Amino acid sequence: MPIDATLPYDDENIFAKILRGEIPSTRVYEDEFAIAFHDIAPVAPHHILVIPRGAYVSWDDFSARASDAEIAGFVRAVGAVARDAGMVGDGYRLLANIGRDAGQEVPHLHVHILSGRPLGPMLAR
Ligand code: 5GP
């Protein structure tokens, strides 16, 4: 069920539990600002989620409230994850859903990194 991205942060969301280690995930990256792990239901041969350590509902919330250091750290982490996974040569797609019309389901900011085949048009028509 898509979320309302204007709601306050919910500490019990699934990615908050993954961050706290209460739910398992296959982590591929972590640093001071972000962690990355495999999506449980991949839609491409490689499908990684990158999330900030801070409590932000969405890209909207993050871009409005996060510190410059958090924003720089998160953006660098997304790039590093793709680079470390060897995705740069063939290319990859970044995707962040924000709120209802975009279909955001988990109310903790996450960027999808997708790669491993030609990914087709940006959106289904
Ligand atoms: P959204 O639709 O919010 O942009 O994407 C949420 C993503 O989180 C989906 O691609 C979904 O497969 C993934 N996801 C949901 N629950 C879990 C989970 O418990 N573990 C992992 N690794 N991914 C999850």
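Because the structure is predicted, anything quoted here is derived from the model rather than measured.
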* Answer whether the closest heavy-atom distance between the side chains of Val50 and Tyr29 falls below 4.5 Å. => no
* Verify the distance criterion only: is there a donor paired with an acceptor across the side chains of Asp60 and Ser58 at less than 3.5 Å? => no
* **From CA spacing to verdict: ring-ring contact (aromatic ring centres under 6.0 Å, His included), His38, His47** => CA-CA 6 Å; His38 289 289; His47 186 170; 9.4 Å; no
* Above 12 or not: heavy atoms from other molecules or residues under 6.0 Å from CG of Asp10? -> yes
* Asked: Given side chains that start at C-beta, do those of His112 and Asp39 come closer than 4.5 Å, heavy atoms only?
  -> yes
* Of the non-hydrogen atoms in Pro8 and Val57, which two are nearest, and what is the gap between them? -> C-CG2, 4.0 Å
* To do: Would you indicate whether the side-chain heavy atoms of Tyr56 and Phe74 approach each other to under 4.5 Å?
  => no
* Asked: Counting only heavy atoms not in Arg93, do more than 12 sit closer than 6.0 Å to its CZ atom?
  -> yes
* To do: Would you mind reporting whether Phe15 and Leu49 have side-chain heavy atoms less than 4.5 Å apart?
  => yes
* Asked: Do the side chains of Leu114 and Val43 get nearer than 4.5 Å, heavy atoms only?
  -> yes
* Donor-acceptor pair, side chain of Arg53 and main chain of Asp31, under 3.5 angstrom -> yes
* State whether the number of non-hydrogen atoms from other residues, nucleotides or ligands found under 6.0 Å of Asp11 atom CG is greater than 12. => yes
* Got more than 12 heavy atoms from elsewhere within 6.0 Å of CD, Glu32? -> no
* Asked: Any link between Val88 and Ile48 through a network of hydrophobic side chains (Ile, Leu, Val, Met, Phe, Trp, Tyr) touching at under 4.5 Å?
  -> yes
* Is the number of heavy atoms from other residues, nucleotides or ligands under 6.0 Å of Arg65 CZ greater than 12? -> yes
* Report yes or no: do Val78 and Phe33 belong to one cluster of Ile/Leu/Val/Met/Phe/Trp/Tyr joined by side chain heavy-atom distances under 4.5 Å? => no
* To do: Measure up the His108 and Tyr9 rings against each other and bin them: parallel (under 30°), tilted (30 to 60°), perpendicular (over 60°).
  => perpendicular
* Asked: Is Gln104 reaching over with its side chain to a backbone N or O of Gly99, donor-acceptor style, under 3.5 angstrom?
  -> yes
* **Side-chain heavy atoms of Phe37 within contact of Ile18, under 4.5 Å** => yes
* Asked: Tell me, do Asp4 and Leu7 make a side-chain contact under 4.5 Å, heavy atoms counted?
  -> yes
